[in-house]
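Here's the structure we're looking at; comments come further down.
Letters A, B, ... mirror the listed sequences (proteins, then strands); counts begin at 1.
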Protein chains: 2
Amino acid sequence: MALKCKLRSIVVCLWRRQTLLRSTSRNLNTLATDNRILKSPPLVSLDFPDLWTSSSTSTSYDAPSTHNLGNEEIARIIDGKQIADEIISAVGVEVRRMKNAIGEVPGLGVILVGERRDSLTYVNNKTKACEETGIKFELAQFPDTCTEDEVCDAIMRFNTDPSFHGILVQLPLPQHLNEEKILGVLRLEKDVDGFHPMNMGHLAMRGREPLFIPCTPKGCVELLIRSGVEIMGKNAVVIGRSNIVGLPVSLLLQRHNATVSVVNELTSNPEEITREADIVVSAVGIPNLVRGNWIKRGAVVLDVGTHPVEEEGCCEEGGYRLIGDVCFEEASRVASSITPVPGGVGPMTVAMLLCNTLQSASRRYKFV
Amino acid sequence: MALKCKLRSIVVCLWRRQTLLRSTSRNLNTLATDNRILKSPPLVSLDFPDLWTSSSTSTSYDAPSTHNLGNEEIARIIDGKQIADEIISAVGVEVRRMKNAIGEVPGLGVILVGERRDSLTYVNNKTKACEETGIKFELAQFPDTCTEDEVCDAIMRFNTDPSFHGILVQLPLPQHLNEEKILGVLRLEKDVDGFHPMNMGHLAMRGREPLFIPCTPKGCVELLIRSGVEIMGKNAVVIGRSNIVGLPVSLLLQRHNATVSVVNELTSNPEEITREADIVVSAVGIPNLVRGNWIKRGAVVLDVGTHPVEEEGCCEEGGYRLIGDVCFEEASRVASSITPVPGGVGPMTVAMLLCNTLQSASRRYKFV
């Protein structure tokens with residue numbers, strides 16, 4: 001019977017590479033605007049039929065591209081700020097091209113409730129980036145005490161105003177407001193944050209293309225691609241499973257054909273699992289949760305965590321500085337590449353928001 | 001700085017257990033019909049706030065419940081057929097109760113295109129189960145050569161007919177038919193297979209409850225729960241990432257607070273990753289892909305794979321027998337519990353389809 005098992009399990013799989021090559025050339029033109037600016041391909045172009053080998057030892061694809069580090073080497077810093085600036089600048093060029101060609105510009109409506117310091121900072125960054133690129137921007141701001149109806153009315157106004165192509169509700173909302181209900185009002189075609197369950201479903205399902213990929217996950221993958229990090233066939237660990245980062249980044253990495261493990265707060269051995277990863281994405285929000293001994297030598301580390309810490313004499317805006325999930329000093333001695341906090345994934349989130357807004361307007365006006 | 005890392009990372013997390021207890025008692029009544037028949041709780045009742053500890057060594061929840069096996073012991077067989085029969089019988093009772101109370105019964109419309117032997121078998125099983133429980137059943141059958149419009153028209157008819165509460169398109173469809181387009185016609189409230197992207201998005205997102213959980217994944221989790229297997233905090237590996245099994249089962253196990261890794265056909269070390277798992281779900285369709293040495297001693301193995309093999313003198317219906325993904329003989333010497341093929345997950349898929357159809361009718365008639 002054991003021999004029978006072995007014999008039955010021999011499945012020839014020579015087509016794998018060819019199928020991959022065929023499928024990646026497919027549908028490359030479905031997101032013209034994105035492809036002009038971003039390196040990330042459309043997701044359906046990454047899909048290919050399941051062709052399993054039964055031999056667990058066959059690995060016909062390329063070995064991990066992370067470079068070996070000597071004991072004294074320090075990881076390459078992935079400069080998210082610089083990459084984001086390049087993308088924002090390219091978005092600006094596209095916005096001007098659109099304005100010159102059809103007399104329209106993309107428009108982004110943002111809803112901000114309350115006065116959380118981090119939310120105010122994020123909205124400020126978005127405002128500045130929109131100004132810089134020529135994207136129309138409007139902020140609907142409400143006090144902490146506002147009602148659901150007031151917020152929904154503002155969304156409805158952006159929904160119906162054709163000069164707005166993207167709407168963003170700055171999260172988290174105060175506890176008395178129903179996030180699901182409020183986000184549910186938002187028109188799918190303007191959901192530039194990509195948090196609509198329909199977008200999330202399409203992000204998860206092979207053969208489907210979401211209208212928008214959530215900004216932070218999209219920024220993570222763009223950073224990997226621009227840093228020359230191969231995703232396909234790699235082991236990736238995502239630490240954290242929030243609806244806005246952990247979940248969609250795990251789905252997106254799977255669409256890019258990584259083997260993904262999602263570590264959550266109940267995982268008994270997070271450091272062991274993380275140590276197996278070629279790519280680590282941490283999105284938890286606990287400063288220095290991920291220590292150097294969690295990281296495999298040569299791994300690529302993306303730190304999405306941001307935790308504001310007040311510090312006397314700190315030169316950063318608002319008198320506080322941001323700390324990531326990853327103990328940078330330790331991890332940078334083990335990883336091959338790592339994003340800093342701040343200046344890593346954060347700026348990419350804003351850049352991707354502009355890309356999504358531009359993509360939405362381009363789709364609306366059939367502008368290629 | 002390293003000390004600073006350590007100090008900053010100390011986060012007290014005594015609330016974890018209390019929060020868990022509070023959250024599991026929440027929303028237990030949202031799916032009255034399901035809760036009467038199934039042991040699986042509503043998904044939102046399983047959600048709780050992320051409360052991370054920074055100490056990777058703290059594991060305050062219960063240790064895995066799998067029992068230790070001596071070298072000579074054989075895994076317990078999870079009898080999916082018997083459990084499914086119990087559930088189908090309970091559905092029958094509920095259907096009669098509905099008929100007596102309001103004069104209505106649930107209705108299921110099935111679309112079958114072509115003459116694939118496995119599809120015919122599945123549809124036959126569904127027909128029989130509906131007859132057994134008193135669920136109204138109608139089959140719309142088309143030849144391989146039919147057009148998309150013909151199939152869509154049949155779905156539209158089931159969509160508008162109020163006596164049908166569930167519609168199922170037997171997959172896979174012939175290649176010339178656009179699956180996305182055809183499934184897109186299906187009304188969300190009748191999507192008892194749970195394959196609509198909106199359902200998939202809600203399945204993935206914490207805080208959301210899908211209208212329907214896909215049948216096979218739902219059956220897998222119900223088998224685990226009924227077999228007394230703890231899911232929360234366990235390491236689970238899902239082998240395969242199809243839209244109909246691998247993806248939704250990985251999402252569902254995550255909603256049940258497992259740490260989930262999804263192995264795909266490009267994974268370089270599937271056997272190593274699988275060997276770390278307390279729970280293994282294989283849904284690939286390659287006979288005996290998963291060998292005994294892929295399984296950790298004491299793990300629970302659910303074999304979703306079905307591969308028809310013609311065999312002379314085989315007594316099974318249609319002259320062929322089904323082989324699973326898992327080399328049963330080898331794995332049953334290592335696992336603590338294992339599902340056989342046939343008679344494991346397969347019958348549960350049919351039982352869950354009936355549950356979803358009953359749930360849909362109960363929702364429609366507000367019948368509790």
Side-chain angles (χ1 to χ4, degrees), chain A residues 1-2 4-6 8-9 11 13 16 50-54 56 59 61 179-180 196-202 204-208 232-233 235 240-243 247 251 254 257 259-271 273 276 284 286-289 291 294 309 323 327 329-330, chain B residues 1-2 4-6 8-9 11 13 16 50-54 56 59 61 179-180 196-202 204-208 232-233 235 240-243 247 251 254 257 259-271 273 276 284 286-289 291 294 309 323 327 329-330:
Chain A
M1 178 67 186
K4 233 172 170 179
C5 286
K6 204 159 188 174
R8 280 214 186 89
S9 68
V11 176
C13 188
R16 187 196 270 171
D50 289 346
L51 290 172
W52 285 76
T53 59
S54 57
S56 58
T59 53
Y61 47 91
E179 183 184 303
E180 180 175 356
H196 194 290
M198 191 77 178
N199 267 324
M200 208 63 89
H202 278 140
M205 296 169 79
R206 290 207 294 164
R208 307 297 176 96
M232 186 170 73
N235 290 338
R241 50 171 176 168
S242 66
N243 284 345
L247 169 68
L251 297 175
Q254 286 187 73
N257 301 305
T259 299
V260 179
S261 304
V262 182
V263 164
N264 63 51
E265 63 281 20
L266 293 169
T267 303
S268 58
N269 55 343
E271 73 289 20
I273 295 178
E276 297 297 318
V284 173
I286 291 187
N288 301 315
L289 175 75
R291 310 295 302 267
W294 289 38
V309 177
I323 305 245
C327 184
E329 195 202 19
E330 292 178 5
Chain B
M1 177 67 185
K4 233 172 169 179
C5 286
K6 205 160 189 175
R8 280 215 186 89
S9 68
V11 176
C13 188
R16 187 195 268 172
D50 290 345
L51 289 172
W52 284 78
T53 60
S54 57
S56 58
T59 52
Y61 47 90
E179 183 183 302
E180 180 175 355
H196 193 289
M198 190 77 178
N199 266 325
M200 208 63 90
H202 278 142
M205 296 168 80
R206 289 206 296 162
R208 309 296 177 96
M232 186 171 73
N235 290 337
R241 50 170 176 168
S242 68
N243 284 345
L247 170 68
L251 298 175
Q254 287 187 72
N257 301 304
T259 300
V260 179
S261 305
V262 182
V263 164
N264 63 50
E265 63 280 21
L266 293 169
T267 303
S268 58
N269 54 344
E271 74 288 20
I273 295 177
E276 297 297 318
V284 173
I286 291 186
N288 301 315
L289 175 75
R291 309 297 302 269
W294 289 39
V309 177
I323 305 246
C327 185
E329 196 202 18
E330 291 178 5

So do the side chains of [X] and [Y] get within less than 4.5 Å of each other, counting heavy atoms only?
X        : Y        : result
B/Asn257 : A/Arg241 : yes
B/His202 : A/Met200 : no
B/Thr259 : A/Asn269 : no

Rounded distance [0.5 Å steps], CG in A/Asn264 versus CD in B/Gln254: 8.0 Å
Could you check which of [options] has the highest count of heavy-atom pairs closer than 4.5 Å to chain B?
options                                : answer
A/Met205, A/Met198, A/Glu276, A/His196 : A/Met205
A/Leu251, A/Ile273, A/Asn243, A/Asn199 : A/Asn243
A/Gly207, A/Gly201, A/Pro197           : A/Pro197

A/Val260, part contacting chain B, at a heavy-atom distance under 4.5 Å: backbone
